[in-house]
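These notes are about the structure you will find just below.
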There are 2 protein chains.
Amino acid sequence: MAGAPNIREVALRAGVSVGTVSNVLNRPELVAEPTRERVHAAIAELGFVRNDSARQLRVGRSRTLGLVVLDVANPFFTDVARGVEDTANQHGLAVILCNTDEDPLKEASHLDLLAEMRVQGVLINPIDTDGRIAALRDRGIPVVLFDRRGDPALECSVAVDDVLGGRLAATHLIETGHRTIQFVGGPLTLQQVQERYEGASAVVAAHDDVELTVLTTTGLNVAAGRAAGDRLAAAGRDALPSAVFCANDLVALGVLQALTHAGLRVPHDVAIVGYDDIDFAAAAAVPLSSVRQPRQQLGRTAAELLLAETTEAEHEHRQVVFEPELIVRDSSAR
Amino acid sequence: MAGAPNIREVALRAGVSVGTVSNVLNRPELVAEPTRERVHAAIAELGFVRNDSARQLRVGRSRTLGLVVLDVANPFFTDVARGVEDTANQHGLAVILCNTDEDPLKEASHLDLLAEMRVQGVLINPIDTDGRIAALRDRGIPVVLFDRRGDPALECSVAVDDVLGGRLAATHLIETGHRTIQFVGGPLTLQQVQERYEGASAVVAAHDDVELTVLTTTGLNVAAGRAAGDRLAAAGRDALPSAVFCANDLVALGVLQALTHAGLRVPHDVAIVGYDDIDFAAAAAVPLSSVRQPRQQLGRTAAELLLAETTEAEHEHRQVVFEPELIVRDSSAR
DNA sequence: CGGAAGCACTGAATCGGTTCAAAGACGGCC
DNA sequence: GGCCGTCTTTGAACCGATTCAGTGCTTCCG
């Protein structure tokens, strides 16, 4: 009796069968008005709460959805998460947020857990597309990639054209007169980082007099950016690039802090362009130029694709690609 | 056969009973080496993944823990979440992150869902301590309050001394010569906001020549801060307070943006002190003075208290209170 | 040689909802 | 009165892993 009355006790109290109680909960339109009221009264009196694992066991799937991100502390991902949550909640689903810290082992263990939970689906910004994602799919759990393009034969994905984003940033820097550009970000195994670099690289290749170098970081956070900034500053004024293009805004903020700390002025000594256009970019010490992505929309669309895949009889995988937009602020003004 | 082999099929393939398979999974030391290997082989060949709802149903509780926060987009909460996640993962628990947006209705619906899921416990920064939290406790689900003190008879809690935080901020502003101080934050029903104001108020009361006024906001985010800043700026230069103390850093960043946009200089025209000392405070246009809280530690401690409550036979509720620390930066420099 | 103890394994009962075929109740109509 | 259709309710089977009393076997000891 103690903490957990079950559906049988409710049935007993309301003087009906368990089947009827279940119907009141799930298809109330099948139950006659007075009966329904008696059942509701019994539920209230006993403080009954449906045991979701029992329900899940019978129905075969849960009412949750997994969201696997690289770093919850990155506002880009929390904005995406907001979009996912809004859409999921509208459909009565809860979101399980998993943080991988760019660590394949953590990613793997989170995916295992989500598989055991029989989530309805997984939204993931994968680190490496190893077998584990395929394994999920084989088990019938739909997977939607976000912030990364997938294989149209296998999965849906929602991405932003990162190559274009890289082009926008590089074009802007070249047009404002910069000739030595430093790309800062990593690890390069991350598709986002790779493609942002590629985009910049393609533009630079078309200009004989412009030079692009790469400084890889071990992560995409403020600390990594600060470390990179320190290295740039330590190399001496002569070795300084005239502009830095960072793989995301956190790195850019870190670089900005380190350079400022070393007595260099942004954008006078070095210009900076970031990526993501998180809200804090505009509020930075030197307002940051950045490549904007439709963050919440990314999340909403990803969740919608997942829901479509679970409900549609004949599902065709879709690859949605949004266009990024360059926002120019003080950090790269001439 | 398709997507989901169960424990029976594994048993069949390995030539053992289901009980043995279960033992291999849960208490491998009870099973002889060669048998264990055969079972593992069968699991691998079939790609078997344990159905967690069946396990939960039998065992009675899940391996998850609910974390209910006011706003995932606030770095303060993501830092707390990191702490919670670290500790939870170490103990094999997954974290379900719920966002309430300071909306009691959303809070209630999330708590209902967590109750249905039979989570091991709930960590919450509550909006209003209405009956729903008590209802959870009655059902045997431990609740730990964080960033807020609780009733020692009922629950554990982890908080930071917000009254002290308010005192620190106000004392600092008074000592640097400010005589008209504006408190910005809200809603005042939030205990944090209330107490930060109280602390400041107590200090001001001891100084006849200092005036403290309140501008309440509807939320604790950048947009609310910006709106408040606009109102301050619109009131005209003469009506301006000489310093603003904000209930958190997001509000402070919003106020900073609005004031700067209106052509006012910080700290020359108006000084600003925030609260939380999120990472972005130091990187702001004018580096923000702020009252620092041990964010990750708050999360870790909260999770530990919860785990203690679920494992200890005789549990005594504890109220942990950390001390905040004032970090002075440019925004309140004289 | 008998009995006890230890070990590895078995298999049925169990957790608590959901589902669906079937039964029951009632009214309308010929 | 008998038949049919509609609406409501019933109750047992079922989902899949866990658990524990119990079986069969071996070893040890007096």
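Scope of the values below: all heavy atoms of this structure, side chains included, with no hydrogens, waters or symmetry mates. Below, chain A is the first sequence line, B the second, and so on; all start at residue 1.
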Covered region of DNA chain D, 5' end to 3' end, by chain A [heavy atoms, under 4.0 Å]: D:dT8 to D:dG16

Within the structure shown, what part of the strands sits under 4.0 Å from B:R8 by heavy-atom distance: base, sugar-phosphate, or nothing? base

Pairs meeting criterion salt bridge (charged side-chain N to carboxylate O under 4.0 Å, His left out) with involvement of residues 296-312 of chain B, two or more places apart: B:E312-B:R318

Could you list by number each residue of residues 30-40 of chain A showing a heavy-atom separation from DNA chain C of less than 4.0 Å, or answer none if no residue does? none

Sequence neighbours left out, what passes salt bridge (Lys or Arg N to Asp or Glu O under 4.0 Å) with A:E316? Give chain and number order. none

Taking five pairs at each end, how big is the angle between the two axes of the helix from C:dC1-D:dG30 to C:dC30-D:dG1, to 10°? 60°

According to salt bridge (Lys or Arg N to Asp or Glu O under 4.0 Å), who are the partners of B:R50, at least two apart in sequence or on a separate chain? A:E116

Tell me every residue that passes salt bridge (Lys or Arg N to Asp or Glu O under 4.0 Å) with B:D112, counting only those two or more places apart in sequence or in another chain. B:R132

Listed partners of B:H315 passing ring-ring contact (aromatic ring centres under 6.0 Å, His included), at least two apart: B:H317

Sequence-distant partners of B:A159, side-chain contact (heavy atoms from CB on, under 4.5 Å), two or more places apart: B:R149

5' to 3', nucleotides 23-28 of chain C under a 4.0 Å protein heavy-atom cut-off (B base, S sugar-phosphate only, - none) gives ------

Name all residues meeting the salt bridge (Lys or Arg N to Asp or Glu O under 4.0 Å) criterion together with A:D101; count only those two or more places apart in sequence or in a different chain, and write none if there are none. A:K106, B:R82

Using a cut-off of strictly less than 4.0 Å between a heavy atom of the residue and any atom of DNA chain C, enumerate the qualifying residues of residues 15-26 of chain B by number. B:V16, B:S17, B:V18, B:G19, B:T20

